[in-house]
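Structure first, commentary second.
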Amino acid sequence: MPKRDFPSDRTRITEFEALPNVGPATAGDFRLLGFAAPAALIGQDPFRLYDRLCEATGVRQDPCVADVFIATVRFMEGAPPRDWWFYTAERKRLFAARTDRAPAGRRPTGP
């Protein structure tokens with residue numbers, strides 16, 4: 001990731017596209033989930049955001065989207081900017097631990 005300067009007060013970042021790893025598609029995902037500004041991501045559970053996106057779109061999103069969500073939430077909470085794939089191993093561990101339920105976006109319905 002190219003070196004960029006970010007304000008120490010991340011709440012001063014007003015556009016999703018100004019965040020590391022976030023382009024128009026991910027910015028649109030955050031807006032679809034109801035977020036109006038990057039500061040609203042502080043304190044969010046990135047894995048829950050991924051599940052909500054899968055539910056909102058009706059399809060299982062690429063798991064790398066979860067990596068981007070982790071990187072973005074952590075960055076907004078003060079972590080250094082990191083490439084999204086830095087979080088892939090963490091996501092894989094969590095998703096493997098979630099084998100007790102159907103993948104997001106494909107949960108069974110009914111009784």
Side-chain angles (χ1 to χ4, degrees):
M1 171 180 308
K3 296 281 183 186
R4 292 174 34 197
D5 290 325
F6 295 98
S8 58
D9 179 4
R10 306 282 168 87
T11 62
R12 293 179 38 211
I13 301 172
T14 59
E15 299 296 325
F16 291 110
E17 292 87 342
L19 300 171
N21 303 296
V22 176
T26 301
D29 292 341
F30 287 135
R31 291 182 187 105
L32 176 67
L33 293 172
F35 297 101
L41 297 172
I42 296 170
Q44 294 293 319
D45 177 342
F47 299 105
R48 179 67 187 127
L49 295 178
Y50 174 81
D51 286 343
R52 286 180 48 208
L53 182 63
C54 293
E55 291 167 6
T57 60
V59 297
R60 183 175 183 269
Q61 299 291 315
D62 186 300
C64 295
V65 171
D67 301 347
V68 174
F69 285 0
I70 299 167
T72 304
V73 169
R74 299 273 170 75
F75 172 78
M76 286 305 298
E77 293 176 339
R82 293 192 167 108
D83 293 315
W84 60 265
W85 55 86
F86 178 87
Y87 295 100
T88 300
E90 177 182 344
R91 182 253 307 157
K92 286 182 176 182
R93 280 191 305 275
L94 179 91
F95 280 14
R98 294 174 10 158
T99 57
D100 62 331
R101 63 179 195 174
R106 296 187 182 182
R107 292 194 179 103
T109 57

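Just so you know, these numbers use all the heavy atoms, side chains as well, and skip hydrogens, waters and symmetry mates.
Note that the CD atom of Gln44 and the CZ atom of Arg52 stand 6.5 Å from one another [nearest 0.5 Å]. One distance of note links CG of Leu53 with CZ of Arg60; it measures 12.0 Å at 0.5 Å rounding. Interatomic distance, Thr88 OG1 to Ile70 CD1, rounded to the nearest 0.5 Å: 8.0 Å.
Side-chain N or O atoms of Arg91 include none that pairs as donor or acceptor with a backbone N or O of Phe47 at under 3.5 Å. At least one donor-acceptor pair closer than 3.5 Å links the side chain of Tyr50 to the backbone N or O of Gln61. In this structure, the side chain of Asn21 engages the main chain of Arg82 through a donor-acceptor pair within 3.5 Å. A donor-acceptor distance shorter than 3.5 angstrom exists from the side chain of Asp62 to the backbone of Cys64, with no hydrogens or angles considered.
Between Phe75 and Phe6, the ring planes lie perpendicular to each other; the angle is over 60°, past the 30° to 60° tilted range.
Of all heavy-atom pairs spanning Thr72 and Pro20, the tightest one is OG1-O, 4.1 Å. Annotation for Phe16 and Ala27: closest pair CB-CB, 3.7 Å, computed over non-hydrogen atoms.
Taking the six-membered ring for Trp, Phe69 and Tyr87 have ring centres at least 6.0 Å apart.
Annotation: side chain of Arg98 is in contact with side chain of Asp51 (closest heavy-atom distance under 4.5 Å). Taking the side chain as every heavy atom from C-beta outward, Leu41 and Phe35 approach each other to under 4.5 Å.
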Point to revise | Audit row: Thr11, Ile42, side chain to side chain contact (heavy atoms under 4.5 Å, CB included) steps and yes/no | key: CA-CA 9 Å; Thr11 62; Ile42 296 170; 3.9 Å; yes

**Study point:** Pair Leu32-Thr57, side chain to side chain contact (heavy atoms under 4.5 Å, CB included): steps then yes or no
**Key:** CA-CA 9 Å; Leu32 176 67; Thr57 60; 3.9 Å; yes

